[in-house]
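None of these values were measured; they are calculated from a predicted model. Note: hydrogens, waters and symmetry copies are ignored here, and every other heavy atom, side chains too, is used. Residue numbers count from 1 along this sequence.
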Amino acid sequence: MTSTASSMDSTDYRQDRTPHDRRPSWQQRLRRFGYTAEPSADVRERLSPPYAQPGPRLWQVLGVPHGWAERIARWSPWGGPLLVTLMAGVLRFWNLGSPKAVIFDETYYAKDAWALVHRGFEVNWDKNANDLILSTGGHVAVPADAAYVVHPPVGKYVIGLGELLFGFDPFGWRFMTALLGTLSVLLLCRIGRRIFRSTFLGCLAGALMALDGLHFVMSRTALLDGVLMFFVLAAFGCLVVDRDRARARLAAALPPDADGRYRPDATVAETTRLGLRPWRWGAGLFLGLAIGTKWNGLYIMVAFCLMSVLWDVGSRRVAGARHPYRTVLRRDTGLAFLATVPVALVTYLVSWTGWILSAADGKGGYYRNWAATDGRGGSWTWLPDWLRSLWHYEHEVYEFHTHLTSPHRYQSNPWSWLVLGRPVSYFYESPAPGKDGCPSDASGKCAREVLAIGTPLLWWAACFAVLYVLWRWLLRRDWRAGAIACGIAAGYLPWFLYQERTIFLFYAVVFLPFLCLAVAMMIGALAGPPGSTDTRRVAGATGAGVLVLLIAWNFIYFWPLYTGQAITIDSWRSRMWLDTWV
């Protein structure tokens, strides 16, 4: 790798500060006495920093011919992320149908998904339906009696698509979550590359998520939270691309001065229109799909919209706007609102099409006939019956969620999530020797478990990484750290409002991508900032490499608990590092 690429790989460089800005304040004050500062960095580069250009040197050291080394370096912006994604996909699709059982909340979502793609609404299943589905290969009749469910339909439609393609069996209802889990790794690699301007750090963030146990288990289980995570990450990626495009447009509008340099221009910064910004509309679509999967997507939409507006303020300020907030309010906020909130709302309503089109005579979806029966009269009768019925349904769901306090063996408080205080056991069996993978020479029964728990060393490192990004954001004004902190806060902090509710550790998978970005950013800083001595760089790279290798080893060590492989009781106990994991 070239020296330029090496320096750009570090996350410690400051993209939005010129060499002149880093001068001591006493030097800046000398300007009033005729002091002339050295030329500042081009404002175009501040608005749209270049990517680190990986060189062929590393590959040549490994014995790759010069020509091929250059090709590999040139292809690395996509080749690296695709290789990481391939690894993630192989891991997630390997033996995907095992355990051949309905595990944890698959008992709800797998069957609800099958009903949705066939009837348009969820139904009540017989209490023996799970056994019948597994024994017949999914060849069962779909009941007609509507069921009361408390989550919107998008995530279940996603699961149902896999069932339509591959059958009503464990592989079929896990296929789409495995696919989205794999694609989320690709998204994170590319998002990390864009915000860090480093292919290496982007691929590192994706590799960390590929080796996380919680992400792995959620990718191999037909639950909604993995689907929600994908849509949230896709929305974040759209906003990051939109930020780059908007800043590039501002940079292109700036005129050169007499010396051919581009400097801040208040008129351009305050009058340039940034157009319809299609990537922001894409973010609105994905946020609507997120809300249509689980309602906590609403908190994420609010946080992301605020973050995007603040990005616009920063862009206008760097371009030279004297009143960036006023400019953004006048030029950008209206279209930003239209591209997100209405688009998300329409997307959410469209996701209920199957329920809306079902019969309103009591034979359709749950509460579909409410407006024509219990909801007759009142001041809102001018609205369509389907809309009033849907509003009543949503109100009842809200009441359910806010008053859900039924105790559960695996529930946990959000204070314990980052340290993995209480994981969730999705599946557990005790096969006898010689059965279901238990060694025939075992001294007793084995343990076979699917445990929804993150890779411990990754999550414990993330605790320090969160502190690091907060420091970078609050004290160094690093927008990348602020974006990562926003993603973590949007997915994590709202749960502290519902500490009395029955909630689980696996909800944390939604902000897991941002934890991986935080760890990648911290590792980039450990590797050493630009201009570090060789000793510092070697020490930093060694420490960072050891941490990554330990995380990979930790994932391998817990592999039997992620995949439901039979291991001896002693081996299982050796992996119960905390008493609360049992």
Side-chain angles (χ1 to χ4, degrees), residues 1-15 51-64 69 72-73 76-77 79-81 83-84 87-88 185 188-189 192-193 195-213 418-419 454-472 476 478 480-481 484 512-559 577:
M1 184 174 291
T2 64
S3 59
T4 301
S6 177
S7 65
M8 293 293 284
D9 274 351
S10 171
T11 63
D12 208 32
Y13 69 96
R14 304 179 190 180
Q15 299 174 8
Y51 287 89
Q53 297 299 323
R57 181 180 175 185
L58 173 63
W59 300 104
Q60 289 176 317
V61 170
L62 296 176
V64 177
I72 293 173
S76 64
L83 283 176
V84 175
M87 176 194 72
V185 172
L188 190 61
C189 288
R193 178 181 183 271
I195 66 174
F196 296 136
R197 289 302 197 259
S198 165
T199 300
F200 170 75
L201 290 180
C203 290
L204 176 61
L208 290 173
M209 191 163 74
L211 297 176
D212 177 68
L418 289 182
V419 294
T455 302
L457 293 184
L458 172 60
W459 282 70
W460 296 340
C463 294
F464 296 96
V466 170
L467 296 177
Y468 172 71
V469 297
L470 289 175
W471 171 74
R472 289 287 307 182
R476 295 298 184 90
D478 191 324
R480 300 162 301 170
I484 294 168
L512 170 64
F514 304 97
L515 292 180
C516 293
L517 287 172
V519 174
M521 188 173 188
M522 182 180 71
I523 290 175
L526 287 176
S532 298
T533 64
D534 289 343
T535 302
R536 169 66 178 85
R537 297 289 285 185
V538 170
T542 301
V546 168
L547 176 58
V548 173
L549 290 175
L550 286 174
I551 290 171
W553 164 83
N554 204 202
F555 175 78
I556 295 170
Y557 181 70
F558 279 86
W559 173 266
W577 287 0

> Got a sec, which pairs hit side-chain hydrogen bond (donor to acceptor under 3.5 Å, both in side chains) with one end in residues 539-555, sequence neighbours left out?
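Found none.
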> Does the side chain to side chain contact (heavy atoms under 4.5 Å, CB included) test come out yes or no for Ile484 and Arg472, once each step is laid out?
CA-CA 11 Å; Ile484 294 168; Arg472 289 287 307 182; over 6 Å; no
> Working note: Leu204 + Leu201, criterion side chain to side chain contact (heavy atoms under 4.5 Å, CB included); need CA distance, chi angles, decisive distance, verdict.
CA-CA 5 Å; Leu204 176 61; Leu201 290 180; 4.3 Å; yes
> Check side-chain contact (heavy atoms from CB on, under 4.5 Å) between Ile72 and all other residues, then give those that pass, not counting sequence neighbours.
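By the side-chain contact (heavy atoms from CB on, under 4.5 Å) rule, Ile72 matches Trp59, Val64.
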> Grab the two heavy atoms, one from Ala525 and one from Tyr468, that are nearest each other, plus how far apart they are.
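Scanning both residues completely, I find the closest heavy atoms to be CB-OH, 3.2 Å.
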> Could you measure the distance from the CH2 atom of Trp559 to the CG atom of Leu211? Nearest 0.5 Å is fine.
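Rounded to the nearest 0.5 Å, the CH2-CG separation comes to 10.0 Å.
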> Show the nearest heavy-atom pair for residues Gly206 and Cys189, with the distance to one decimal.
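Where Gly206 meets Cys189 most closely, the heavy atoms are CA-SG, 3.6 Å.
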> Tell me the closest heavy-atom pair linking Ile523 and Ala544, and the distance in Å.
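In terms of heavy atoms, the two residues are closest at CG2-CB, 3.5 Å.
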> Between Tyr51 and Pro77, is any pair of side-chain heavy atoms under 4.5 Å apart?
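No; the side chains remain at least 4.5 Å from each other.
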> To the nearest 0.5 Å, what is the distance between CG on Leu208 and CD1 on Ile551?
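Interatomic distance, Leu208 CG to Ile551 CD1, rounded to 0.5 Å: 5.5 Å.
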> Atom CZ in Arg193, atom CG in Leu188: separation rounded to 0.5 Å?
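Those atoms lie 14.0 Å apart.
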> Holding to ring-ring contact (aromatic ring centres under 6.0 Å, His included), I want the full list of residues that pass it with Phe464, two or more places apart in sequence or in another chain.
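With neighbours one apart ignored, the set is empty.
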> Locate the shortest heavy-atom distance separating Gly213 from Phe555; write the atom from each residue and the value.
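In this case the closest contact between Gly213 and Phe555 is N-CD1, 4.2 Å.
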> With respect to Met209, which candidate in Val84, Leu517, Leu512 satisfies the side chain to side chain contact (heavy atoms under 4.5 Å, CB included) definition?
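Of the listed residues Val84, Leu517, Leu512, the side chain to side chain contact (heavy atoms under 4.5 Å, CB included) partner of Met209 is Leu512.
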> List in chain and number order the residues that pass ring-ring contact (aromatic ring centres under 6.0 Å, His included) with Trp460, two or more places apart in sequence or in another chain; answer none if no residue qualifies.
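Per chain and number, Trp460 pairs via ring-ring contact (aromatic ring centres under 6.0 Å, His included) with no residue.
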> What's the spacing between Leu547 CG and Leu457 CG if we round to 0.5 Å?
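It comes to 8.0 Å.
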> Give the minimum heavy-atom separation between Leu458 and Cys516, together with the two atoms involved.
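Of all heavy-atom pairs spanning Leu458 and Cys516, the closest is CD2-SG, 4.4 Å.
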> How far apart are the closest heavy atoms of Cys463 and Val419, and which atoms are they?
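Scanning both residues completely, I find the closest heavy atoms to be SG-CG1, 4.1 Å.
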> Got a sec, which residues hit side-chain contact (heavy atoms from CB on, under 4.5 Å) with Ala462, two or more places apart in sequence or on another chain?
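Expected list: Leu515, Val519.
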> What distance separates Ile195 CD1 from Asp478 CG, expressed to the nearest 0.5 Å?
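Reported to 0.5 Å precision, the distance equals 9.0 Å.
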> For residues 203-213, which residue pairs qualify under side-chain hydrogen bond (donor to acceptor under 3.5 Å, both in side chains), counting only residues two or more places apart or in two chains?
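Residue pairs passing side-chain hydrogen bond (donor to acceptor under 3.5 Å, both in side chains), neighbours aside: Asp212-Trp459.
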